[in-house]
Amino acid sequence: MTVLLEVRELSKHFTARGGLFRRAGAPVKAVDGVSFTLARGETLGLVGESGCGKSTLGRAILRLHEPTAGEVWLDGENVTALSGDALLEHRRCMQIIFQDPYASLNPRRTVAQAIREPLEVHRIGTPVERERRVDELLDVVGMRSSARNRYPHEFSGGQRQRIGIARALALDPALIVADEPVSALDVSVQSQVLNLIANLQRERGIAFLFISHDLAVIQHVSDVVAVMYLGRFVEMAPAAELYRRPRHPYTQALLSAVPQPDPARRAGRIVLQGDIPSPTDPPPGCPFHPRCPLAVDRCRGEVPALRAVAEGVSVACHLIE
């Protein structure tokens, strides 16, 4: 498969300010040296606890957050080196679906205005062609063209997310970052939106970076899964392989926490002690070692590199040989 997206040692650090004079403190290392590739038409599921840097990574790839270091290559172009009109032109290739479908839509703009806006910004088509495109996109996401003149508050959460998906599709992007796109929806609606995303991917060959904390959702939609902890990838593998044989202790703990109807399987749950360390003061060595039940002295002093341990499988753990 052809590589569409290549992320090289990407980092995003924020400056924490406090005190009477708002002095700069230690940097918050939200994303710290992440590298991966994503093929055309492939879905990479990104999972981890809240605060691990998932959303920040997605936004840094799109340059909604300016990266502190590293490079993002999309379709052979270094996106991190672009600016001005060149960056605007390249934004057509990459779009985002936000977590909150209501907050992401302007309550004063109709559905047609929201979907048409990307076409107007990029000066695509005539006014008549843009209106035709709005109706086409509404049909694609399973909504009637009569919705075009209504406002966001008139729709349910699932319908608003469909509108957000239609807006993301307006420019025919090659890459879509889906940032927790179903977490704000009722369970009964989640499957409808997930099936819509899966159908769009099959029909249009769009690559997805799908961010979620829900392991069941990630398993359902992903070709490859990356597990993130404190701004770093700790494991990356094909979805079937990762769920069948998790190798990193953190991945094992996450999967053991998935609710199980079988009481015998529930007994194997791994309960992690303590909280995620602060990204302003990460622990030395492996960032997971303060909570890892298997940690040894080497884990406390040396940061493990993410390295291949099997075909398509990479793990950042000293205990994996």
Side-chain angles (χ1 to χ4, degrees), residues 1-12 31 33-46 53-98 115 117-125 129-130 133 136-137 140-141 164-179 181 196-212 221-226 228 233 236-239 306 308 312 314:
M1 299 178 71
T2 306
V3 172
L4 171 70
L5 174 69
E6 183 177 2
V7 177
R8 304 176 183 173
E9 294 295 324
L10 192 68
S11 297
K12 176 58 184 176
V31 179
V34 169
S35 299
F36 66 92
T37 60
L38 180 63
R40 292 183 182 277
E42 186 179 55
T43 296
L44 171 64
L46 183 56
K54 304 186 301 294
S55 295
T56 302
L57 175 59
R59 291 170 184 244
I61 289 171
L62 300 179
R63 285 190 61 184
L64 298 179
H65 292 320
E66 283 298 328
T68 304
E71 296 179 347
V72 176
W73 290 76
L74 182 66
D75 203 13
E77 188 82 39
N78 185 359
V79 177
T80 44
L82 299 178
S83 61
D85 291 341
L87 178 59
L88 179 63
E89 178 67 21
H90 220 67
R91 285 195 186 280
R92 293 176 56 174
C93 303
M94 49 187 188
Q95 295 294 307
I96 186 169
I97 301 171
F98 293 98
I115 298 175
E117 184 177 16
L119 302 173
E120 294 171 341
V121 169
H122 290 272
R123 301 174 184 175
I124 296 175
E129 290 171 337
R130 291 169 187 166
R133 177 68 169 158
E136 175 191 326
L137 290 167
V140 165
V141 299
I165 293 171
R167 181 177 59 182
L169 293 172
L171 300 174
D172 285 325
L175 169 70
I176 291 180
V177 174
D179 187 6
L196 170 62
I197 290 174
N199 290 336
L200 291 171
Q201 184 182 43
R202 280 196 303 270
E203 295 168 3
R204 297 170 179 248
I206 302 170
F208 277 85
L209 175 60
F210 196 102
I211 300 168
S212 180
V221 302
S222 304
D223 299 303
V224 180
V225 176
M228 198 168 185
F233 282 5
M236 188 172 179
L306 185 70
S314 298

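Please read these numbers as outputs of a predicted model, since none were measured by experiment. Position 1 is the first residue of the sequence, and the numbers go up from there.
The side-chain hydrogen bond (donor to acceptor under 3.5 Å, both in side chains) search around Thr43 returns Gln201, not counting sequence neighbours. For Arg63, the salt bridge (charged side-chain N to carboxylate O under 4.0 Å, His left out) partners two or more places apart in sequence, or in a different chain, are Glu66. Annotation: side-chain hydrogen bond (donor to acceptor under 3.5 Å, both in side chains) contacts of Glu203 (sequence neighbours excluded): none. In this structure Ser314 satisfies the side-chain hydrogen bond (donor to acceptor under 3.5 Å, both in side chains) test with no other residue, sequence neighbours excluded. Scanning for salt bridge (charged side-chain N to carboxylate O under 4.0 Å, His left out) contacts around Glu117 gives an empty result, with sequence neighbours left out. For Phe98, the ring pair (Phe, Tyr, Trp, His ring centres under 6.0 Å) test picks out no residue, with sequence neighbours left out. In this structure, Arg123 has no side-chain hydrogen bond (donor to acceptor under 3.5 Å, both in side chains) partners at least two apart in sequence or on a different chain. Applying the ring pair (Phe, Tyr, Trp, His ring centres under 6.0 Å) rule to Phe208 yields no partners; only residues at least two apart in sequence or on another chain are considered. When the salt bridge (charged side-chain N to carboxylate O under 4.0 Å, His left out) test is applied to Glu136, the partners found at least two apart in sequence or on another chain are Arg133. Listed by chain and number, the residues in a side-chain contact (heavy atoms from CB on, under 4.5 Å) with Ala226 are Leu44, Leu46, Phe233, Met236 (sequence neighbours excluded).
Between Ala239 and Ser222, the shortest heavy-atom distance links the atoms CB-O, 3.4 Å. Of all non-hydrogen atoms in Ser35 and Glu9, the two that sit nearest each other are OG-N, 2.7 Å. The two residues Ala166 and Ile115 have their closest heavy-atom pair at CB-CD1, 3.9 Å. Taking every heavy atom of both residues into account, Ala60 and Leu10 meet most closely at CB-CD2, 4.0 Å. The two atoms that bring Ile97 and Pro181 nearest to each other are CG2-CB, 4.1 Å, heavy atoms only. Looking at every heavy atom in both residues, Ala207 comes nearest to Ala39 through CB-O, 3.6 Å.
For residues 70-79, the pairs satisfying salt bridge (Lys or Arg N to Asp or Glu O under 4.0 Å) are Arg8-Glu71, Arg40-Asp75, with sequence neighbours left out.
In this structure, the separation between CG on Leu64 and OG1 on Thr56 is 11.0 Å, given to the nearest 0.5 Å. Note: Met228 CE to Lys54 NZ = 8.5 Å, rounded to the nearest 0.5 Å. Atom CD1 of residue Ile96 and atom CD1 of residue Ile61 lie 10.0 Å apart, to the nearest 0.5 angstrom. Taken from CD1 in Ile176 to SG in Cys93, the straight-line distance is 12.0 Å, to the nearest 0.5 Å. Summarising the geometry, atom CE belonging to Met94 is positioned 6.5 Å from atom CG belonging to Leu74; distances are rounded to the nearest 0.5 Å. Summarising the geometry, atom CD1 belonging to Ile165 is positioned 4.5 Å from atom CG belonging to Leu196; distances are rounded to the nearest 0.5 Å.
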**Message:** Let's go through Leu38 and Leu4 carefully: what are the C-alpha distance in whole Å and the side-chain angles of both, what is the deciding distance for side-chain contact (heavy atoms from CB on, under 4.5 Å) to 0.1 Å, and is it a yes or a no?
**Reply:** CA-CA 6 Å; Leu38 180 63; Leu4 171 70; 5.8 Å; no
**Asked** Can you check side-chain contact (heavy atoms from CB on, under 4.5 Å) on Leu169 and Ile206, steps first, answer last?
**Response** CA-CA 10 Å; Leu169 293 172; Ile206 302 170; 3.6 Å; yes
**Prompt:** What do the steps show when you test Arg204 against Val140 for side-chain contact (heavy atoms from CB on, under 4.5 Å), and what is the final call?
**Reply:** CA-CA 11 Å; Arg204 297 170 179 248; Val140 165; 3.4 Å; yes
Would you mind writing out the side-chain donor-acceptor pairs for residues 78-89 within the sub-3.5 Å range, not counting sequence neighbours?
residue, atom, partner, partner atom, Å
Asn78, OD1, Thr80, N, 3.2
Asn78, OD1, Thr80, OG1, 2.4

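Looking at Thr37, its side chain never comes within 3.5 Å of a backbone N or O of Glu6 through a donor-acceptor pair. The backbone N or O of Ile124 lies less than 3.5 Å from a partner atom in the side chain of Arg130, making a donor-acceptor pair. Remark: side-chain polar atoms of Arg91 are paired, donor with acceptor, to backbone N or O of Leu62 under 3.5 angstrom.
The closest side-chain heavy-atom distance from Phe210 to Ile197 is below 4.5 Å.
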